[in-house]
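The analysis underlying the following values was restricted to heavy atoms, covering all of them including side chains, and did not include hydrogens, waters or symmetry mates.
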Amino acid sequence: MENTSQTLALPERKPRQYMPADFEVRDWESLESYFEELKTREINSQEDLEKWIADRSELESVLSENLAWRYIKMTCDTQDEALTQAFQFFVTEIEPKASPYDDAFNRKLVESPYIDGLDEQKYRIYLRGVRRAIELFREENIPLQTEISTKQQQYGAIAGAMMVNLDGEEMTLQRAADRLKQTDRAVREEAYLAIQNRRLEDKEKLDELYTELVQLRHQVALNAGFDNFRDYMFAALGRFDYGPQDTFSFHQAIKEKVVPVTRQIDQKHKEKLGLDSLRPWDMDVDPSQLPPLEPFKTGDQLLSQTIECFYRLDSFLGDCLVTMREMGHLDLESRKGKAPGGYNYPLDEIGVPFIFMNATSSLRDVVTLLHEGGHAVHSFLTRDLPLNAAKHPPSEVAELASMSMELLTLDHWDIFFPNQEDLVRAKRQHLEGVLETFPWVATIDKFQHWVYENPNHTVEERHLNWVRIFEEFNLQEVDWSGLEHIKPYIWQKQLHLYEVPFYYVEYAMAQLGAVAVWKRYKSEPEAALEGYKKALSLGYTATIGEIYAAAGIRFDFSSEYIQTLVDFVKDELAQLDHK
């Protein structure tokens, strides 16, 4: 099937209706006239208003895609100073000048006498976001947000430069982390300590950077009339469906319903490994003492296997990845100078996103590409929505797309693991990882609440409270003796704390949703898959609850709901014992 798909017609950029087809963002001067025209244009009818909204949306798409490519190129090679400067130019010279216009446009829209004639179903979510943006905008925050953007970028440069030497070979931390799956305990310990010691070399630098970011963010919140940055971000992230107290209840439910299960998993691992005490470097090794799973040798092989996996599930899904491959919209393998992590970056004009990751040869890499592939499918399903804003749903929906894909493809993982024993191991590791997602997300989220509720805390207080929260949810069966100096800094590996604050609890919410999608798929596969695609195709034209309902599931993170889904995953794990 894949071979016949080489003839796929590649998507074309939609013809621009407002800006010239050959226009490229080079400087502010070339852009300013479009912003001014939109700001001063007379709107004398509902038709005029809708045309104005469409033209504004097109301008946003042009800017968004230009910024996207600058970010993509910079993260693919953090050592190329010209690429970094190109990204910084947009952040420091374009965004600050465009920001006041956004506020002016929002006010022009809501003050128009023709706004009440707009189609309620088409525009209600968009207008809700516009009104929220007006509430949040403050002119004095523009330079602060520019400074924040510049500082956030420093994290990637610091982390991307981290290398370790093992057996005479210089390697990225991601590649070194693959050794934590080795059956030789001494090899695991050496790799773990090498990774941690390398991170600790930059601990003061990363603490200092975080302190600066916390202070800047707190000032942004105060300027906007909020008591703290947490409350500001709940508004800025468009969390219309839940508040801070709901997330506290979610943390508690995870502690009560999930942590006992993950603790049992760790106990079983210790028994299977025959260890008197479990150490941090024992957490990723297969408890059967089998060598690490190696599902692929190269990034190209990983991609072709994933394409086949998607095709088995649904032809549209496979076509999405083939299109991206044909267009060169993937950079998969880990290498020196590449920023850490992985992402799917939407490209709003062409509608074909870009996937970036740091593959070595592990199961984690397979899951990462399936995950980012889910985001990519989401981009394809929303590419024809008329409003640019509608193509960017909140994270609770975006992560549902990606996490569901990890589980929906599970029955086709024999493509990566033709050996039945390896297949069972891979599924078990992944399902255990699904459960382990919840405590870690609760840890990061609860830590952020504490950080921004106490913005003037000392570094020492930060470390003490991190350890307190970490121990509440994680690795309670692990012996940390002699490693006490490492624990206070574990949070520094979490990119989200530096670059996208408060964007994390959504992973746990979406993980619940993904398990629910998979649970439905197990009993009615066709309906579940159609519901999944239908939900994603809504983009952000409906509320989170309505989008989840379209997928045939609930947006619910109550203790009772968590219990039913945790029990389902436990049952699936139990079934693997008999295969």
| Q301 side chain to K297 main-chain N or O, any donor-acceptor pair under 3.5 Å? | yes
H412 versus E308, side-chain donor and acceptor atoms under 3.5 Å: no
### Message
Would K203 and W491 count as a cation-pi pair here, with the cationic atom under 6.0 angstrom from the ring centre and within 45° of the axis?
### Response
no
When rounded to the nearest 0.5 Å, the distance separating NZ of K151 from CD of Q215 is 12.0 Å
Q) Honestly, is K205 close enough over Y155, meaning NZ or CZ under 6.0 Å from the six-membered ring centre and within 45° of the axis? A) no
Quiz prompt | Aromatic ring proximity, centroids under 6.0 angstrom, F557 and F250 | solution = yes
Could you tell me if T75 and Y343 have a donor-acceptor pair between their side chains, going purely by distance under 3.5 Å? yes
Between N344 and H378, does any side-chain donor sit less than 3.5 Å from a side-chain acceptor?
-> no
So, T150 and E147: side-chain donor and acceptor under 3.5 Å apart, yes or no? no
Can you see whether H496 engages Y507 through a side-chain donor-acceptor pair at a distance of less than 3.5 angstrom?
yes
For Y498 and Q154, run side chain to side chain donor-acceptor pair (under 3.5 Å): C-alpha distance rounded to whole Å, both residues' side-chain angles, the deciding distance at 0.1 Å, then the answer. CA-CA 9 Å; Y498 289 87; Q154 292 174 19; over 6 Å; no
* Asked: Where do D577 and R428 land on the salt bridge (charged side-chain N to carboxylate O under 4.0 Å, His left out) test, with the steps shown first?
  -> CA-CA 9 Å; D577 290 334; R428 171 171 293 284; 2.3 Å; yes
Q: Please lay out, stage by stage, how D286 and K272 fare under the test salt bridge (charged side-chain N to carboxylate O under 4.0 Å, His left out).
A: CA-CA 9 Å; D286 189 285; K272 279 193 172 184; over 6 Å; no
Next on the checklist: The test is salt bridge (charged side-chain N to carboxylate O under 4.0 Å, His left out); show your working for R198 and E201 and say whether it passes.
Outcome noted: CA-CA 5 Å; R198 178 61 190 88; E201 284 179 31; 3.6 Å; yes
Quick one: do the W518 and E406 side chains pair a donor with an acceptor below 3.5 Å? no
Check: Can you tell me if H269 and E432 form a side-chain donor-acceptor pair at under 3.5 Å?
Finding: yes
For this session: Evaluate the salt bridge (charged side-chain N to carboxylate O under 4.0 Å, His left out) criterion for residues E169 and R175: first the C-alpha distance (whole Å), next the side-chain angles of each, then the deciding distance (0.1 Å), finally the verdict.
Result: CA-CA 11 Å; E169 180 189 349; R175 188 171 290 279; 5.2 Å; no
Have Y503 and E399 got a donor and an acceptor in their side chains that come within less than 3.5 Å?
yes
When L370, V366, L407 are each screened for side chain to side chain contact (heavy atoms under 4.5 Å, CB included) with H430, the one that passes is L407
Rounded to the nearest 0.5 Å, the CG atom of L483 sits from the CG atom of L193 at a distance of 6.5 Å
Separation between CZ (R279) and CG (D282), nearest 0.5 Å, reads 8.5 Å
What is the ring orientation for F473 with H251, classed by angle as parallel under 30°, tilted 30 to 60°, or perpendicular over 60°? perpendicular
Is there a side-chain contact between D178 and R364, using heavy atoms and a 4.5 Å cut-off? yes
| message | Please determine whether side chain to side chain donor-acceptor pair (under 3.5 Å) holds for the pair R188 and Q182, giving the CA-CA distance in whole Å, both sets of side-chain angles, and the decisive distance to 0.1 Å. | response | CA-CA 6 Å; R188 299 200 304 271; Q182 294 288 337; over 6 Å; no
Review point. Among side-chain atoms of T298 and D300, is any donor-acceptor pair under 3.5 angstrom?
Key: no
Pairing donors with acceptors under 3.5 angstrom, does anything connect the side chains of R199 and Y489? no
Check your understanding: Between the side chain of T78 and the main-chain N/O of M74, is any donor-acceptor distance below 3.5 Å?
Key -> no
Taking H375 for the side chain and A401 for the main chain, is one N or O donor matched with an acceptor at less than 3.5 Å? no
Report task. Mark yes when over 12 heavy atoms from residues, nucleotides or ligands other than K487 sit less than 6.0 Å from its NZ; otherwise mark no. Result -> yes
Worksheet item: Can you say whether the rings of W440 and F470 are parallel (under 30°), tilted (30 to 60°) or perpendicular (over 60°)?
Response: perpendicular
Item to complete: Please examine the side chains of R335 and K338, heavy atoms only from C-beta on, and report whether any two atoms are closer than 4.5 Å.
Response: yes
To the nearest 0.5 Å, atom CD of Q174 lies from atom CE of M162 at 10.5 Å
(Q) Could you go through T360 and S334, starting from their C-alpha distance and side-chain angles, then the distance that decides it, and tell me whether this counts as side chain to side chain donor-acceptor pair (under 3.5 Å)? (A) CA-CA 6 Å; T360 51; S334 178; over 6 Å; no
Partner of H457 under ring pair (Phe, Tyr, Trp, His ring centres under 6.0 Å), picked from F447, Y210, W450, W466, is W450
d(F380 CZ, K533 NZ) to nearest 0.5 Å is 13.5 Å
Would D365 and S362 count as having a side-chain donor-acceptor pair, cut-off 3.5 Å? yes
>> With ring-ring contact (aromatic ring centres under 6.0 Å, His included) as the criterion, how do F296 and F416 come out once you've worked through the C-alpha distance, each side chain's angles and the decisive distance to 0.1 Å?
In response: CA-CA 7 Å; F296 62 93; F416 306 102; 8.2 Å; no
So CD of E326 and CG of D319: to nearest 0.5 Å the spacing works out to 11.0 Å
_Check whether R230 reaches the backbone of Y452 with its side chain - one donor and one acceptor, N or O, closer than 3.5 Å._
no
Quick one: does V459's side chain get under 4.5 Å of T211's, heavy atoms only? yes
